[in-house]
Structures are given as C-alpha cells and as structure tokens.
Amino acid sequence: MNAPLIDPFQRAITYLRLSVTDRCDFRCVYCMSENMQFLPKKELLTLEELDRMCSAFIRLGVEKLRITGGEPLVRRGIMTFFDGMARHLESGALKELTLTTNGSQLEKYADALYAAGVRRVNISLDTLDEDKFAEITRWGRLPQVLRGVEAALKAGLRVKINVVALKGFNESELFDIAVWCAEHDMDLTFIEVMPMGDIGNENRLGQYWSLKDLRATLAEQFELTDLAERSGGPARYVRIEETGQKIGFITPLTHNFCESCNRVRITCTGEIYTCLGQEGKSDLREPLRASEADAPLEEAIRAAIGLKPKGHDFDYSRQELGGQMSRHMSHTGG
Ligand code: SAM
Ligand code: SF4
C-alpha cells in the first residue's frame, strides 16, 4: 500500500484539479485577453499521459478529480480520457470525477459524461442576458450554453452554476439568477474576481464586487442560514430558506482558507502548482516522460507535495493588486 500524500503542514492531499487544455472557445474578459497565445500542441500531455498522471495520484490517495482548462470539452478526444477514469470509479479508489466547464459543449457530451461516471458538473455562467453574455465571454453565445445546461440536467447530472461577481455587470441579476437556479434545482456559487494574468485593458479593481456586499444584498430579500459544510476549499455555504437552495461563496481574497487546503493543481503541460496563489511549481512531465515505470513520477509528486506552501498572499486591501499572479486562470483552471 502506498503512503498517502501529506504535505509539510500535515494536510492530506486528496483532491486533484487537472487542466487538460489551455485553449477555449470563449474569451471571458476577466480570464483571457482577446489575442491569447496558446501553447504548441507538443507541450501538452497526451491523453495517455493525462491518464498515467491521474492514475499515479489516485494510487497515492487522491479521491476527487476535477477536470478543467481552458475549456476541457474542447480538447480533442477528451471522452477517451473520461472513459478511462471510469475504471478508478468502478474500483472505488476514486470517489468523484467531475469537471468545470463553460457549458458550450455539454449538449454534445452530457450523456457520455454521465455514462463515464460523472455525476456533478460546474457550469460557469455569469449572466442570463444574451447581450451581456456575448460581452463578457466575447465569443460565447447564451442559447448554446442554456441548451448545455438543459442537456446536463436531462442526462441526470447535478449542476452547480458558477457566477463570477462583477460590480456594475451582474449586480442587477442577483435575484434572477438565484431564482432561475432554484427553479431548475441547481446549486449556485458566487466567485470573487482574482488577480490572475495579464488580460489586456480590463480593470479588475473596477470589476471587484465583494461577496460580503453581495451576501448583504441577497439577505435583503431572502432569509439566509449559514451552513457548517466545508469542502477543504475556499467556499462557504448558506441556505436560502425560501427555496431550500444551497449557495456558495468563494472569497479567496477576503478569507483565509489555506489551513484546510487539500488540493493541488496540474496544468496541461504537467506542471504541478501546490497553491493557487503562489508562483511555486514543479515539473512532472519530465519524470513522466523519462520512464515507462511510474516510480520516478511518484517520487517527483512526493517531492512537489513536500514543497506545498502554507498559504497565499492575495490582497486587494490597499487598492493595489498585492500578490498578483502572472499566470492566467486558464493555465491552472481555477
Ligand atoms: N472554461 C471552464 C469554465 O469557464 O468553467 C473552466 C476553466 S475556468 C478558468 C474556471 C473558472 O475560473 C470559471 O468559473 C471562471 O469563471 C473562473 N475564472 C476565470 N478567471 C477568473 C478570475 N480572474 N477571477 C475569478 N474567477 C475566474
Ligand atoms: Fe474560457 Fe473558462 Fe476562461 Fe471563460 S473562464 S475564457 S470559458 S477558460
């Protein structure tokens, strides 16, 4: 039996987030610039390498795997990868296989994802207004995503809608979005904008809408009960008593969630980031490619976990982007 992954601060690493591509069919203004430079294909881990990488982590105790990107469902052949992961669900080693997606391809893939053992999906959707949707995603079209949401529900997937809280943009839709999610029995999570990557002319400080304010606005119309539930991540939850719905708040900038952090992230090129808010990374592609045996890879994984920092340094408090990260969110997948 392999010893589980424990970091220097005695946190067990049981959750892996894997970015399978840096590409995307959208260009959300807070995430990418319009003219993003993407990586040459040969830099990317192949589907087989992605499988080997995940399988190694699962052997070392990872129980939850979230696939992200870029947009994970635009990676060619991605269903082969999901189908492969099904064996770890069947063996019981993996407890949950899930993904974060912009929803554009769900109409096509929802049934296949369910068949591979996926039961929950996070869909990012910041507005229910067609024009605003086109504005915020630049290339996205709302009806396509709504068809994706419908397909996911129909396939039997539990859906959580992720909304990035943007001041002056979706403030006015707060109640409409909450009610829409309740009507479709979908969970809802709000995310604060994080200072990730150079995104061109957009001013992120102008976009910042504190979730404390958002919560206060929500409380004007609904009775909110704080829930004790924690997922080892930055989310806090409340229940809306009127609808019974669970709402999450992800506030990486205003709360310190690092002490219970159970996760690591891997990019599509096989770099491991052990903290979303720090630049520190290790390369796992080299040991993966160096040998057909998995021992060097496992050793490199253990070494990387041994470097996991205690926490991050994001800070908007002085109205400058303290702790700003040079990499894009699409690089590590959020
Ligand atoms: N393309 C997929 C999607 O949009 O769901 C998966 C990758 S995307 C990078 C993952 C999540 O990060 C999305 O919910 C997106 O809204 C969020 N995100 C991107 N840039 C962000 C930023 N600067 N601050 C906060 N959240 C961000
Ligand atoms: Fe693409 Fe997701 Fe980034 Fe939007 S947030 S540009 S959908 S990767």
Side-chain angles (χ1 to χ4, degrees), residues 17-39 66-75 78 98-106 109 113 120-127 132-142 144-145 148-149 152 159-167 169-170 177 187-200 202-211 214 233-235 248-254 263 265-268 273 276-277 312 314 316 321 323-334:
R17 299 168 71 110
L18 173 70
S19 171
V20 294
T21 177
D22 62 333
R23 286 160 202 262
C24 187
D25 50 348
F26 292 1
R27 290 290 180 279
C28 302
V29 297
Y30 47 73
C31 179
M32 293 191 182
S33 66
E34 188 136 33
N35 316 304
M36 287 290 285
Q37 290 291 319
F38 294 110
L39 295 160
R66 177 174 297 281
I67 306 308
T68 174
E71 172 46 42
L73 297 180
V74 302
R75 170 89 196 240
I78 194 62
T98 183
L99 70 153
T100 302
T101 171
N102 65 24
S104 69
Q105 309 301 314
L106 275 176
Y109 290 128
L113 288 167
R120 297 199 303 163
V121 56
N122 288 1
I123 305 177
S124 306
L125 178 55
D126 303 326
T127 171
K132 279 161 79 177
F133 189 84
E135 188 189 326
I136 198 84
T137 63
R138 293 201 187 98
W139 295 2
R141 297 296 169 258
L142 182 64
Q144 185 184 356
V145 171
V149 172
V159 173
K160 183 165 87 181
I161 300 294
N162 279 348
V163 178
V164 175
L166 296 161
K167 200 166 191 66
F169 180 78
N170 52 16
I177 293 174
D187 294 320
L188 171 60
T189 291
F190 292 100
I191 310 174
E192 263 175 13
V193 178
M194 289 185 264
M196 306 288 288
D198 174 15
I199 41 148
E202 305 297 330
N203 175 1
R204 231 181 239 118
L205 285 174
Q207 300 169 345
Y208 178 67
W209 181 20
S210 141
L211 292 194
L214 187 154
F249 298 99
I250 300 188
T251 55
L253 306 170
T254 52
R263 59 199 59 193
R265 296 171 166 79
I266 294 186
T267 69
C268 54
Y273 284 86
L276 179 64
H312 65 69
F314 285 133
Y316 275 146
L321 298 179
Q324 164 123 25
M325 303 294 302
S326 60
R327 68 180 187 266
H328 285 89
M329 196 68 141
S330 53
H331 193 58
T332 42

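Every number for a ligand or one of its atoms is a count from 1 in the order of the listing. In what follows, every heavy atom counts, from backbone to side chain, and hydrogens, waters and symmetry copies are set aside. What you are looking at is a predicted structure, and each value in this text was computed from that prediction instead of being measured.
Using a non-hydrogen distance threshold of 4.0 Å, Gly70 registers as a contact of ligand 1. Taking a 4.0 Å cut-off on heavy atoms, Gly69 fails to register as neighbouring ligand 2.
Near Cys28, the atoms of ligand 2 lying under 4.0 angstrom from a non-hydrogen atom of the residue are 4 (Fe), 5 (S), 6 (S), 7 (S). Close approach of ligand 1 to Val193 is summarised as follows: ligand atoms under 4.0 Å from at least one heavy atom of the residue are 24 (N), 25 (C). Distances below 4.0 Å separate heavy atoms of Tyr30 from the following atoms of ligand 1: 16 (O), 18 (N), 19 (C), 20 (N), 21 (C), 22 (C), 23 (N). Contact atoms of ligand 2 toward Phe26: 6 (S), 7 (S) (distance under 4.0 Å to a heavy atom of the residue). Of all atoms in ligand 2, listed by their number and element, those nearer than 4.0 Å to a heavy atom of Gly70 are 8 (S).
In this pair, Phe190 and Phe249 present their aromatic rings parallel. The plane angle is below 30°, not in the 30 to 60° band.
Considering backbone and side-chain atoms together, Thr68 places no N or O closer than 3.5 Å to any N or O of ligand 1. The distance criterion of under 3.5 Å between nitrogen or oxygen atoms is not met by Asp126 with respect to ligand 1.
With a 4.5 Å cut-off on side-chain heavy atoms, Trp209 and Asn170 count as touching.
With a cut-off of 2.8 Å, atom 1 (Fe) of ligand 2 has an N, O or S atom of Cys24 in range.
Partners of Lys132 by salt bridge (charged side-chain N to carboxylate O under 4.0 Å, His left out), not counting sequence neighbours, listed by chain and number: Glu173.
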Begin from the C-alpha positions of Asp187 and Arg120 and carry the test side-chain contact (heavy atoms from CB on, under 4.5 Å) through to its verdict. CA-CA 10 Å; Asp187 294 320; Arg120 297 199 303 163; 5.6 Å; no

Would you check, one step at a time, whether the test side-chain contact (heavy atoms from CB on, under 4.5 Å) holds for Arg263 with Arg17? CA-CA 7 Å; Arg263 59 199 59 193; Arg17 299 168 71 110; 3.7 Å; yes

Decide side-chain contact (heavy atoms from CB on, under 4.5 Å) for Leu113 and Leu99; before the verdict, give the C-alpha distance in whole Å, the side-chain angles of both, and the deciding distance to 0.1 Å. CA-CA 10 Å; Leu113 288 167; Leu99 70 153; 4.0 Å; yes

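Annotation: the span from Leu39 atom CG to Thr21 atom OG1 amounts to 8.5 Å, rounded to 0.5 Å. Here the straight-line distance linking atom OG1 of Thr137 with atom CD of Glu135 works out to 9.5 Å at 0.5 Å rounding.
Screening Thr100, Ile123, Thr101 for a side-chain contact (heavy atoms from CB on, under 4.5 Å) with Asn162, the sole residue that qualifies is Thr100.
Under 4.0 angstrom from ligand 1, the non-hydrogen atoms of Val164 all belong to its side chain. In Thr101, the part holding a heavy atom less than 4.0 Å from any atom of ligand 1 is the backbone.
Among Ser124, Gly69, Cys31, Gly140, the residue whose heavy atom sits closest to atom 11 (C) of ligand 1 is Ser124.
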